[in-house]
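This is a predicted model, so every value here is computed, not measured.
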Protein chains: 2
Amino acid sequence: MSLTTPAPASSLDSFVLAPGFQSAATSCGLKPSGNLDLGLVWSDAPCSAAGVFTTNRVQAAPVHVCRETLASAASRVRGVLYNSGCANAVTGERGLADARRMRALGASAIGAAEDELLVLSTGVIGRFLDLEKLSRGVATLQTPAALRTPGDAARAIMTTDTVAKIANASCTLGNREVHLAGFAKGAGMIHPNMATMLSVITTDARVEPARLDRALRAAVEQSFNRISVDGDMSTNDTVLLLASGASGARVDDAGEEAFTRALTAVCGSLARQVARDGEGATRLVELRITGAATESQAHRVGDSIACSPLVKTAIHGNDPNWGRILAAAGYSGEAIEPDKVRLWFGERDDVQLLDRGLPIAFDAARASALLAQDPAIVHLDLGLGRAGAVVWTCDFSAEYVRINADYTT
Amino acid sequence: MSLTTPAPASSLDSFVLAPGFQSAATSCGLKPSGNLDLGLVWSDAPCSAAGVFTTNRVQAAPVHVCRETLASAASRVRGVLYNSGCANAVTGERGLADARRMRALGASAIGAAEDELLVLSTGVIGRFLDLEKLSRGVATLQTPAALRTPGDAARAIMTTDTVAKIANASCTLGNREVHLAGFAKGAGMIHPNMATMLSVITTDARVEPARLDRALRAAVEQSFNRISVDGDMSTNDTVLLLASGASGARVDDAGEEAFTRALTAVCGSLARQVARDGEGATRLVELRITGAATESQAHRVGDSIACSPLVKTAIHGNDPNWGRILAAAGYSGEAIEPDKVRLWFGERDDVQLLDRGLPIAFDAARASALLAQDPAIVHLDLGLGRAGAVVWTCDFSAEYVRINADYTT
């Protein structure tokens with residue numbers, strides 16, 4: 001079993017989807033900017049598919065339609081049609097009808113049955129999809145004018161993202177190499193502990209839907225559910241995984257762990273890229289929580305710190321104001337014991353700031369320099385047990401406010 | 001029974017504490033700026049006292065010492081000594097000893113027993129109190145050089161506050177008028193649903209400690225627990241209420257409701273002033289949640305909206321991006337039904353944006369103008385029942401980030 005550590009490709013040009021998948025992208029006018037806003041990823045053969053969705057009580061129409069599709073056709077999904085520029089959320093019955101119409105348009109484009117296509121939408125909430133533009137766009141996807149490189153497919157899903165997020169990994173099952181490759185979008189309205197943002201992941205492994213679903217849930221729990229940009233949870237969050245089986249390698253009981261590990265690597269890389277590209281962010285922040293009684297405790301404490309505007313602004317200012325970190329741990333709802341915690345900054349615990357709940361003298365300039373690194377690494381040991389979790393967030397800059405103070409206008 | 005609606009005094013000069021209380025303030029050097037940083041409010045006669053404290057697991061030394069004082073002497077408290085510039089939080093045993101020493105210094109200054117004084121500290125976390133400066137400051141409080149107007153006492157508790165927060169009210173018990181007057185500080189690290197920030201409230205009513213405690217908890221629940229600036233909860237949050245009895249009017253079963261209502265008015269005014277002065281804020285935001293199944297549901301939905309950076313930045317930009325409001329309600333953890341909600345902006349529901357979950361055409365310029373008002377008023381009806389709650393927050397500006405990116409440095 002081998003595992004390729006996924007890393008953002010130095011260039012989108014070299015990015016490829018897993019064998020068996022094709023893509024097309026175009027601009028159909030849903031984004032006033034004229035940027036790419038429509039993409040299609042598909043396989044000529046039926047795929048197994050799995051999805052993880054937002055837990056927000058307000059769920060966008062495409063989320064409902066994806067659930068329908070997976071309920072009826074998880075073993076014969078042919079692809080995903082997605083648009084950016086309009087979220088088709090809070091659009092009622094008309095929105096549902098529009099999402100089903102979008103699904104039919106995409107299915108028809110690749111010769112699939114209507115219930116064999118998944119759909120995703122992202123952008124402004126509360127506006128209806130412009131089906132005329134969408135329809136013209138889908139027609140374009142079928143022509144030579146469409147952009148066929150997977151890098152463009154990754155770009156077509158972006159909204160306020162400043163860079164496309166792509167990742168790939170491989171693992172060996174028996175004697176065969178299996179590939180995983182995917183992309184994601186997300187920069188705002190991102191909160192941990194639920195499926196987050198949009199992501200499409202492809203693999204050429206052959207996996208039955210129930211196993212694919214289990215692997216995806218395990219991977220998402222360790223990746224997309226461990227990041228936070230602003231504590232806001234979207235109405236559209238969806239992670240989709242399609243398995244073409246083109247490698248001929250079947251994921252069975254023996255191979256599931258290796259496959260899940262490779263999938264977790266892809267999801268983890270995408271999740272960190274999303275956190276790093278948080279709206280207005282200048283660096284990734286990695287919160288390592290150790291010494292917890294349970295992993296869930298570590299996760300909740302990390303989440304509380306990751307969501308604290310005071311912590312995130314302090315990190316933005318390279319300010320070793322560790323009191324805010326401790327205060328955020330203190331209101332996490334977990335029964336931490338303040339006189340047991342220890343705190344460090346840096347990849348190798350380079351500077352210690354707290355020892356068993358007490359401040360210790362530290363080199364402020366060095367601590368500040370560690371916070372300025374990308375990623376900035378914060379390690380909090382709770383002194384309660386042996387469990388841990390890593391949570392990722394980003395710093396919080398004035399640019400976040402500028403980006404969000406007039407997004408619709 | 002009459003009730004004077006409290007409003008911020010047009011000038012601090014006219015602010016007075018309740019009869020029976022005196023105050024003194026000075027600058028002892030805990031703030032590098034040289035601004036007022038030490039204050040004392042006291043009564044020559046013993047008072048009843050009650051307090052509500054932060055629920056953060058990390059609690060500052062003065063919080064522990066206040067609890068001690070109230071446990072042993074809630075019926076004979078003489079006053080409150082408070083400092084700004086240093087929170088005396090996360091300071092371990094030494095911090096506790098320092099807080100007790102601070103208490104002793106203050107008690108000695110007014111001829112009280114050590115356990116008859118309450119203490120509050122606010123400022124940077126994780127630094128030890130400079131007892132030498134504090135001691136010299138307390139000595140100054142006893143001299144004519146100290147500032148004796150209650151407005152100065154209100155100023156001495158400020159940290160990043162841009163204005164002092166003061167409020168007063170009165171009510172009639174039997175034939176006697178009873179006065180309530182207090183001040184508060186708080187601009188950052190403010191979160192609802194627990195005692196928040198620091199506040200000292202005085203009254204000349206005669207109230208036994210148990211009743212005073214009940215009235216304070218009821219008032220705080222409707223005021224300080226209904227505001228959020230940044231979702232961060234402080235380690236030092238405390239609201240203290242001292243009753244001198246100087247009016248001779250006793251609060252009994254018959255009068256408790258009127259007294260609690262007047263106290264709630266004072267706390268509510270202070271809480272709204274704190275939210276309005278949120279770090280970087282340009283306006284108060286009033287979230288009216290109606291049609292909830294329970295008051296607690298309304299409160300949680302309002303809290304979720306009040307904490308959303310996306311909602312707060314949109315309001316800052318006068319951007320009627322109501323999708324963010326609905327999304328925040330959707331992830332509140334409450335079982336809202338998206339197809340039942342209705343949403344309006346404005347004091348008199350002037351512009352409706354959603355009707356039974358669906359967007360309705362609205363005048364964007366008018367909606368934007370309503371969000372630009374101070375306070376900006378948002379009314380969300382959940383369509384589930386007859387309960388409601390009002391929650392206050394502020395808009396979120398780039399200035400918040402500038403203020404918080406280098407607070408200690």
Could you tell me whether R94(A) sits above the aromatic face of F128(A), with NZ or CZ closer than 6.0 angstrom to the six-membered ring centre and within 45 degrees of the axis?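 Here R94(A) passes the 6.0 Å and 45° test against F128(A).
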Distance, nearest 0.5 Å, that separates CG of D319(B) from OG1 of T313(B): 8.5 Å
Identify which of G280(A), S397(A), G95(A) forms the greatest number of heavy-atom pairs closer than 4.5 Å to chain B. S397(A)
Heavy-atom contact with chain A under 4.5 Å, split by part of [X]:
X       : answer
A364(B) : neither
L354(B) : side chain
T91(B)  : backbone
E334(B) : backbone

Would you sort out whether D395(A) and R283(A) count as a salt bridge (charged side-chain N to carboxylate O under 4.0 Å, His left out), showing the intermediate values? CA-CA 6 Å; D395(A) 64 335; R283(A) 75 206 69 157; 3.6 Å; yes
Salt bridge (charged side-chain N to carboxylate O under 4.0 Å, His left out) with D339(B): which residues, sequence neighbours excluded? none
For H379(A), all residues meeting ring-ring contact (aromatic ring centres under 6.0 Å, His included), sequence neighbours excluded: W344(A)
A335(A) portion near chain B, given a 4.5 angstrom heavy-atom threshold: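 Both the backbone and the side chain of A335(A) come within 4.5 Å of chain B.
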